[in-house]
Amino acid sequence: MKSQAFTTSVSSRGREKSRAKARNAMSTDPKKFPELPDSLWAATAPSGPSCPPLSGDRVADLCVVGGGFTGLSAAYHAAKAGAEIVLVEAAEPGWGAAGRNGGQVIPGLKLDPDDLERRFGAERGGRLVDFSGAAPDLVFELVARHQIDCGVRRQGWVHAVHGRGALPLEEERARQWQARGAALEMLDRDQVSAILGTDAYIAGLFDPRGGWLQPLAYARGLARAAQTAGASLHGRSPATRIDRNADGWRIATPSGNAIAKQVLICTNAYTDELWPRLSRSLIPVTSYQVATEPLSEAMRARLLPKGHVGSDTRRLLNYFCMTPEGRLVMGGRGHLRKGDRRELYAHIVASMHKLFPETSDARLDHFWSGQIALTLDHLPKIFELGPGMWSGGGYSGRGVAMATATGRLLAACAGGAVADDLPLPMVKPRPLPFHGLRGPAVGIAVAWKLLLDAWEARRR
Ligand SMILES: Cc1cc2nc3c(=O)[nH]c(=O)nc-3n(C[C@H](O)[C@H](O)[C@H](O)COP(=O)(O)OP(=O)(O)OC[C@H]3O[C@@H](n4cnc5c(N)ncnc54)[C@H](O)[C@@H]3O)c2cc1C
């Protein structure tokens with residue numbers, strides 16, 4: 001994998017020192033821009049549309065910074081609504097988490113419907129529940145409408161229960177969604193084993209609204225759809241600075257500037273010093289994935305034979321899918337260090353061999369990782385950054401559907417929607433205290449969660 005981190009800078013808040021440093025580090029030399037990681041998705045996705053770097057001064061209604069699902073969906077929906085859009089992406093569309101994730105299209109949020117209604121009130125909370133439950137519909141609809149070639153399938157998502165301690169929560173979750181008309185059901189040990197092809201779980205929550213797609217292929221398809229709708233997309237164009245002027249905002253990149261009344265910063269877990277208050281409101285954590293070689297027909301008949309996707313109820317969860325060409329892809333999180341050293345993947349490989357012992361002899365063809373943005377309350381948010389400037393993110397590992405749906409909300413913000421119109425909370429960025437110490441803090445949390453997971457798994 002090539003560099004995951006890259007230097008965009010700089011604050012609009014007068015950090016002249018780091019500005020100068022960043023300007024020196026910036027280059028329009030394409031070789032200096034980050035490349036895609038050596039993922040299975042990069043190896044198999046259809047090529048993306050041409051997105052030349054921004055050049056000269058470009059006036060638009062709206063500038064979108066970041067070309068992941070959030071930014072691409074926002075650009076697509078805003079362009080469809082008739083706005084003139086310039087999107088600037090530091091590398092290429094889908095370079096970030098959008099092109100690296102597990103491809104699982106997951107409905108709902110980490111918090112359950114009743115929790116959300118208790119927290120936000122019946123009406124507001126109810127809208128958030130509906131929004132999160134329907135987010136996969138938008139993804140599947142966009143894929144169908146734009147005939148995006150991304151291996152999409154909607155066989156459902158299984159939340160596999162790893163120990164007795166987690167079972168009541170899943171049963172309660174099923175009950176709450178069923179009460180709202182969603183066709184979720186609990187599966188017993190044998191049913192889960194037949195669907196997933198592992199005996200490791202005692203039960204599972206089946207959600208038919210979920211599914212799978214090849215994430216980078218989807219991101220590239222979305223980029224093409226946004227272009228077709230009229231948006232102007234520019235790769236290798238990191239926003240290095242955002243300044244307010246009389247007409248709105250000026251977004252500088254190394255080879256050109258966008259001048260727009262409104263800005264959407266859609267950089268999520270990859271946000272750095274471009275807008276420090278935003279980056280300090282999110283907690284980035286690394287998630288790792290490995291992909292096997294194409295497995296034998298016999299193994300494919302047993303492991304995830306019907307194409308379901310699964311993740312489990314561990315605090316440090318495992319997630320897995322079978323690709324159309326028969327490779328098992330296994331993902332998980334826990335490590336904080338970035339890099340491509342193989343030992344960072346040891347725990348994921350061990351989990352795969354434990355869950356699916358048949359894969360022990362399978363060759364591993366791809367290893368890659370990416371950044372997930374967490375929030376302290378596990379809820380995604382729309383951040384109000386300034387007049388005519390918003391951001392969206394913090395999907396906490398459920399961004400395929402939620403980022404696509406939030407991008408549409410951000411486009412609505414640019415179109416005049418106000419906080420009360422939106423199902424997601426709109427908040428000011430609130431930098432987390434001790435954000436600089438998040439590495440050690442998350443390390444302690446990870447160790448603690450591992451202990452709890454191991455203890456619960458023994459109570460089977
Ligand atoms: C390994 C992994 C597995 C995951 N698995 C799943 C899953 O199975 N299901 C699920 O629902 N979610 C999953 N997620 C989460 C999901 O991928 C993300 O929530 C989602 O992709 C977020 O999309 P985004 O557009 O907000 O951010 P990103 O896709 O990260 O896009 C941000 C973009 O901003 C660009 N950028 C950053 N700074 C600048 C700048 N200054 N100027 C211009 N551009 C900039 C970056 O280059 C990047 O392309 C996973 C995430 C990871 C990392």
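No hydrogens, no waters, no symmetry mates; every other heavy atom, side chains included, goes into these values. Order of listing sets the numbers, starting from 1, for every ligand and every atom in it. The first residue in the sequence is number 1, and the count goes up from there.
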For this session: Report yes if some N/O of Y319 lies less than 3.5 Å from some N/O of ligand 1; otherwise report no.
Result: no

Exercise. Does a sphere of radius 6.0 Å around CZ in R430 hold more than 12 heavy atoms from other residues, nucleotides or ligands, not counting ones at 6.0 Å or beyond?
Worked result: no

Seminar exercise, completed: Nearest non-hydrogen contact to atom 44 (N) of ligand 1 from the set A98, G370, A90 belongs to A90

Exercise. Can a non-hydrogen atom of G393 be found less than 4.0 Å from any atom of ligand 1?
Worked result: no

For this session: Determine whether the side chain, the backbone, both or neither of N268 has a heavy atom under 4.0 Å from any heavy atom of ligand 1.
Result: side chain

Exercise. Given I251, L213, L87, N101, which has its nearest heavy atom closest to atom 17 (O) of ligand 1?
Worked result: N101

Exercise. Is it the side chain (CB and beyond), the backbone, both or neither of P34 that lies under 4.0 Å from ligand 1, heavy atoms counted?
Worked result: neither

Exercise. Which atoms of ligand 1 are found less than 4.0 Å from any heavy atom of G96?
Worked result: 29 (O), 30 (O), 48 (C), 49 (O)

Exercise. Out of curiosity, is S369 lining ligand 1, as in a heavy atom under 4.0 Å away?
Worked result: no

Exercise. Hey, are the side chains of L432 and R280 touching, using non-hydrogen atoms and a 4.5 Å cut-off?
Worked result: no

Exercise. Does the side chain of Y76 come within less than 4.5 Å of I85's, by heavy atoms?
Worked result: no

Exercise. So, for A200 and L355, which heavy atoms are closest and what is the spacing to 0.1 Å?
Worked result: CB-CD2, 3.4 Å

For this session: Measure the acute angle between the ring planes of H159 and W157, then classify it against the limits of 30° and 60° as parallel, tilted or perpendicular.
Result: parallel

Exercise. Between E89 and ligand 1, is there a nitrogen or oxygen pair with a distance under 3.5 Å?
Worked result: yes

Exercise. Based purely on interatomic distance, does L274 place a nitrogen or oxygen under 3.5 Å from a nitrogen or oxygen of ligand 1?
Worked result: no

Exercise. Taking non-hydrogen atoms only, is M402 closer than 4.0 angstrom to ligand 1 via side chain, backbone, both or neither?
Worked result: neither

Exercise. Tell me, do R398 and K110 make a side-chain contact under 4.5 Å, heavy atoms counted?
Worked result: yes

Exercise. Would you call P238 a ligand 1 contact, heavy-atom distance under 4.0 Å?
Worked result: yes

Problem set entry | N or O pair under 3.5 Å between G392 and ligand 1 | no

Exercise. Any heavy atom of G331 sitting closer than 4.0 Å to ligand 1?
Worked result: no

Exercise. Less than 3.5 Å between some nitrogen or oxygen of S287 and one of ligand 1, yes or no?
Worked result: no

Exercise. Got an N/O contact under 3.5 Å between Q104 and ligand 1?
Worked result: yes

Exercise. Who's closest to atom 42 (N) of ligand 1 heavy-atom-wise, of S279, S396, A403, A239?
Worked result: A239

Exercise. Any side-chain heavy atom of R209 within less than 4.5 Å of one from L184?
Worked result: yes

For this session: Run the numbers for me: atoms of ligand 1, each under 4.0 Å from some heavy atom of V65, listed by number.
Result: 40 (C), 42 (N), 43 (C)

Seminar exercise, completed: From the list N268, T70, T375, side chain to side chain donor-acceptor pair (under 3.5 Å) with Y395 holds only for T70

Problem set entry | N or O contact, A269 vs ligand 1, cut-off under 3.5 Å | no

Exercise. So is there a nitrogen or oxygen of G397 less than 3.5 Å from a nitrogen or oxygen in ligand 1?
Worked result: yes

Problem set entry | Atom indices of ligand 1 within 4.0 angstrom of G103 heavy atoms, with elements | 8 (O)

Exercise. Backbone N or O of S50 within a donor-acceptor pair of the Q227 side chain at under 3.5 Å?
Worked result: yes

Problem set entry | Option passing side chain to side chain donor-acceptor pair (under 3.5 Å) with R327 (candidates T292, T44, D365) | D365

For this session: Please say whether the positively charged group of R100, taken as NZ for Lys or CZ for Arg, lies over the ring of W95, i.e. under 6.0 angstrom from the six-membered ring centre and within 45 degrees of the axis.
Result: yes

Exercise. Does the side chain of R250 come within less than 4.5 Å of R241's, by heavy atoms?
Worked result: no

Exercise. Counting from 1, what ligand 1 atoms have a heavy atom of C266 closer than 4.0 Å?
Worked result: 32 (C), 33 (C), 34 (O)

Exercise. Any N or O of V105 that comes nearer than 3.5 Å to an N or O of ligand 1?
Worked result: no

For this session: Consider every N or O of D272 and every N or O of ligand 1, then say whether any pair is closer than 3.5 Å.
Result: no

